[in-house]
Amino acid sequence: MAKAAFLYTNLAAGLAAAAGSSAPVSGLGWDRLNESQPRHRARVDNTSATLIFDLGSAQAVDCAALISTSLLLASTVRARASAVDPSCVSSLLHDSGVQAAVTDAKYNGNVIQCLSAAVTTRYWRWDVTGAAPIDIGLAPLGLLFRPGRNFSFGVQEGMIDFGTRDTNPDTGASFGVAGPIVRCRLLNFAAMSKSEARAQIEDLDRVIGAARDCLFVEDPDAAWLVRAQASIWGSYRSPGQAELATRAAYNVFARPFRLVERI
């Protein structure tokens with residue numbers, strides 16, 4: 001198992017993605033990938049979709065994801081990268097090949113691609129197949145922050161259910177209203193270095209904070225489906241609450257995280 005990692009700097013943020021042969025539906029275009037709500041999806045009314053990002057210059061990338069999609073277990077994806085070819089069909093720095101069994105509706109249709117080593121690339125391409133229409137909520141990509149020591153034992157994981165259940169005080173009848181159910185995970189990195197606590201974590205707090213989202217990847221080396229199951233796109237701290245690093249020993253810091261999925 002590889003050490004867990006965070007993707008919190010999205011190089012694709014604000015970019016206008018290019019489409020391949022299948023253009024997105026009017027009003028549900030690739031500009032929706034820049035919204036903060038993953039459920040505000042872009043849509044291609046076809047069984048295949050191509051999504052290409054031009055980062056403007058060559059930049060280091062070792063993680064790319066598709067968040068909140070309509071893809072199912074039978075869908076396929078392929079990720080490619082090139083520093084010189086805008087169509088990403090030649091001079092490839094990375095080619096995942098066609099991958100099946102990459103996600104499931106239970107995991108919000110998320111697709112997580114992690115590279116063992118970063119590539120310095122300008123163009124990134126996704127090719128996706130699945131049942132029409134194909135919906136994609138977000139497509140972040142960038143460089144993972146990988147703490148030198150993994151999180152500690154004692155991790156708690158499960159679901160937060162926002163459904164309600166009211167009971168009539170006269171008859172005792174119960175009335176349930178289904179609400180969204182999101183994944184949650186509580187964990188602690190108990191052996192972070194001083195530089196990690198005061199550089200990357202401080203940067204994570206500044207860039208993401210309580211209002212924005214990041215991608216937590218439990219095991220970057222896991223199979224595609226396992227990454228989709230165990231990774232969470234969402235918040236890592238509660239608004240108005242202090243999430244502080246504790247100095248546990250000389251140059252050793254501990255930091256808790258409360259990860260709640262955004263759908």
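Note that this is a predicted model, so its numbers are computed, not measured.
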Would you name the heavy atoms of [X] and [Y] that are closest together and state the gap between them?
X: R247; Y: Y250; value: NH2-CD1, 4.4 Å
X: A83; Y: T121; value: N-OG1, 3.8 Å
X: I52; Y: P86; value: CG2-O, 3.4 Å
X: L11; Y: A60; value: CD1-O, 3.7 Å
X: A210; Y: P239; value: CB-CA, 3.6 Å
X: E243; Y: P256; value: OE1-CG, 4.0 Å

Within-4.5 Å side-chain heavy-atom neighbours: [X] and [Y]:
X: R165; Y: V177; result: no
X: V217; Y: C114; result: yes
X: S238; Y: R258; result: yes
X: L71; Y: I134; result: yes
X: V44; Y: W30; result: yes
X: L187; Y: R255; result: no
X: D127; Y: R80; result: yes
X: H94; Y: W124; result: yes

Could you give me the CA-CA distance, side-chain angles and deciding distance for D213 and Y236, then say whether side-chain contact (heavy atoms from CB on, under 4.5 Å) is met?
CA-CA 8 Å; D213 301 309; Y236 70 94; over 6 Å; no
Starting from [Y], can I reach [X] by hopping between I/L/V/M/F/W/Y residues whose side chains sit under 4.5 Å apart?
X: I263; Y: L33; result: no
X: L215; Y: L259; result: no
X: M192; Y: I208; result: yes
X: Y123; Y: V128; result: no
X: L186; Y: I232; result: no

Please identify which of these residues, I67, L225, L7, meets the side chain to side chain contact (heavy atoms under 4.5 Å, CB included) condition with I112.
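Result: among I67, L225, L7, I67 is the only option passing the side chain to side chain contact (heavy atoms under 4.5 Å, CB included) with I112.
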For residues [X] and [Y], is any side-chain donor paired with an opposing acceptor at under 3.5 Å?
X: D203; Y: Y8; value: yes
X: D135; Y: T69; value: no
X: R41; Y: S68; value: yes
X: S91; Y: D85; value: no

Atom [atom1] of [X] and atom [atom2] of [Y]: how far apart are they, to the nearest 0.5 Å?
X: T129; Y: R78; atom1: OG1; atom2: CZ; value: 12.0 Å
X: Q99; Y: T76; atom1: CD; atom2: OG1; value: 9.5 Å
X: L143; Y: C63; atom1: CG; atom2: SG; value: 9.5 Å
X: W233; Y: N108; atom1: CH2; atom2: CG; value: 12.0 Å
X: L55; Y: L141; atom1: CG; atom2: CG; value: 5.5 Å
X: C214; Y: F257; atom1: SG; atom2: CZ; value: 8.0 Å

Where the side chain of [X] meets the backbone of [Y], is there a donor-acceptor pair that is under 3.5 Å apart?
X: D104; Y: Y107; answer: no
X: N10; Y: A12; answer: yes
X: N150; Y: A4; answer: yes
X: R183; Y: Q229; answer: yes
X: S75; Y: L72; answer: yes
X: E196; Y: G148; answer: yes
X: N251; Y: K194; answer: no
X: S82; Y: V84; answer: yes

Decide side-chain contact (heavy atoms from CB on, under 4.5 Å) for V182 and F162; before the verdict, give the C-alpha distance in whole Å, the side-chain angles of both, and the deciding distance to 0.1 Å.
CA-CA 8 Å; V182 300; F162 290 99; 3.8 Å; yes
Between R262 and S235, is a side-chain contact (heavy atoms from CB on, under 4.5 Å) present by the stated rule, with each step listed?
CA-CA 7 Å; R262 187 189 293 214; S235 64; over 6 Å; no
Parallel, tilted or perpendicular for F189 and F151, by the 30°/60° rule?
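Ring orientation, 0 to 90° scale: perpendicular.
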Salt bridge or not between [X] and [Y]? Use side-chain N to carboxylate O under 4.0 Å.
X: R43; Y: D45; answer: no
X: K3; Y: D219; answer: no
X: R227; Y: D221; answer: no

When the side chains of residues 154-161 are checked against the rest of the protein, which donor-acceptor pairs come out under 3.5 Å, sequence neighbours left out?
| from | atom 1 | to | atom 2 | distance (Å) |
| --- | --- | --- | --- | --- |
| E157 | OE1 | R185 | NH2 | 3.4 |
| D161 | OD1 | G163 | N | 2.8 |

Could you walk me through whether V111 and W126 pass the side-chain contact (heavy atoms from CB on, under 4.5 Å) check?
CA-CA 11 Å; V111 177; W126 283 105; 4.1 Å; yes
Take D95 and R125 through the test salt bridge (charged side-chain N to carboxylate O under 4.0 Å, His left out) and record every step on the way to the result.
CA-CA 10 Å; D95 186 354; R125 170 173 174 156; over 6 Å; no
